[in-house]
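Numbering of ligands and ligand atoms starts at 1, following listing order.
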Amino acid sequence: MDDFSVHKGELYCEEVPVARLAKAYGTPLYIYSQNTVLSHFRKIQSAFSELDPLICYSVKANSNLSILRLLARQGAGLDIVSQGELVRGQAVGVPYGKMVYAGVGKTEVEITAALRAGILMFNVESEPEARLINRVAGRCRKKARVAFRINPDVDARTHKYITTGKKENKFGLSISLAMDLFRQSRRLRNLEPVGIHMHIGSQITSATPYIQAIQRLKKMIADLRQQGFEIKYFNLGGGLGIIYDEERPQTAVEFARAVIPLIRPLNCRLILEPGRFIVGNAGILVTRVQYLKRGYLKTFAIVDAGMNDLIRPSLYHAYHRILPVSRRSRGKTVLTDIVGPICESGDFLGKDRHIPQLEPGDLLAVRSAGAYAMAMASNYNSRPRPAEVMVAGGRARVIRRRETINEMLEPELAALSKT
Ligand code: LLP
């Protein structure tokens, strides 16, 4: 499952004791297992191998350049949503022909950059966006390959903030509007419609909503072909759930077994956009206990990582397992809230946890912190963002050094010097 394990009470990432890394690089610290990233990528690859899909890793899940390069070397493409992500892909040598570009708010500047680069396709989310891409392509004297993102109106049964394929969501187009856009695209001469895209949400633990969605799109693809459109690509999006707590998500193999029989007859090149599945359980956030404080009802362990470093618990009430990095004894557990130093009651990493009695200076590991963790970190409360370390076997290297206070202030200091 992943390469974090406890030996003689000590947490290891692959062959390296986590405590040693915390000592060497300080806390809060993100630590990733290279082997876990690779093995999860390969799980998807092999589960779908009979269809030879293009796996476009979703950069937003964890955009560290070293992680992108690692995946690029395995042949991964990228699912991008900004010019920044385009440049990240470029920096690690991902071929533009393996990049797909989604998002409801692509700007003219971003469209121009992606088009000039020659990405595989835009996943178009609205009619005005289709028109803008057409205009920009005309100006650049290029043909823009596009897929239309369909909102199939299915319930992915996940947190409401990460559901994207229901009627009330801002994403994608209804089937009828998309059909209309395909027809209009005959007049939008600089567009080349090449496929259909869907992405119904994130942390989805069963194949059922995907099956419902594909069934809704099957007829659409047949109708489009009848009208003379060549549908070369079918992009199933991302969204595969992982184990944070007690979830029992489908495995990659189970998922593939459930959807391949529906996808094969579509006769399209399959694109997948996994993010969390690849990196989610490949990372932990290590934090040090600063104070223990007795509250009215329970104990607070005040740690040196806060909602600015990992916002998922605050934003989605997401559950992340938290365990001591070094277990001193198997003593009794204490009901504890693990909270950060930020001046908000929403600043917590875990609530009502039964964990062994802690002491100031103890290290805690917040599990499943490889996806949407460092990628969503901010400087709130003027806190520099953590460092990131990658472990491979018995070796560890810094893949992003800790931000300094000076770096954080620099854009503002530059402005001060001008007045
Ligand atoms: N494709 C598209 C178009 C997406 O918008 C996303 C994620 C993915 C693929 C990858 O989804 P994944 O396989 O990672 O589930 N911050 C939230 C998750 C937001 C997901 C946004 N879109 C969280 O921490 O749970």
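- Residue contact annotation: Met376 has a non-hydrogen atom under 4.0 Å from ligand 1.
- Note: no N/O pair closer than 3.5 Å links Arg149 and ligand 1 by distance alone.
- Residue Arg276 holds the heavy atom nearest to atom 25 (O) of ligand 1 of all those in Gln203, Arg276, Lys60.
- For ligand 1, none of its N or O atoms has an N or O atom of Ser58 under 3.5 Å away.
- Taking the centre and axis of the six-membered ring of Tyr319, the NZ or CZ atom of Arg367 falls outside the cone set by 45° and 6.0 Å.
- Cation-pi contact between Lys351 and Phe348: present, with separation from the ring centre below 6.0 Å and deviation from the ring axis of at most 45°.
- Every N/O-N/O distance between Gly201 and ligand 1 stays at or above 3.5 Å.
- Not one N or O of Pro274 is nearer than 3.5 Å to an N or O of ligand 1, by distance alone.
- Taking the ring axis of Tyr25 as reference, the NZ or CZ atom of Arg20 does not stay both within 45° of it and closer than 6.0 Å to the ring centre.
- Under 3.5 Å, the side chains of Tyr96 and Gln90 contain a donor-acceptor pair of N or O atoms.
- Closest non-hydrogen pair, Arg321 versus Ile243, comes out as NH2-CG2, 4.1 Å.
- Remark: Phe148 CZ to Phe182 CZ distance equals 5.5 Å, nearest 0.5 Å.
- On a distance-only criterion, His197 and ligand 1 share no N/O pair closer than 3.5 Å.
- Contact annotation: Phe277 has no heavy atom less than 4.0 Å from any atom of ligand 1.
- Not close to ligand 1: Gly237, with no non-hydrogen atom less than 4.0 angstrom away.
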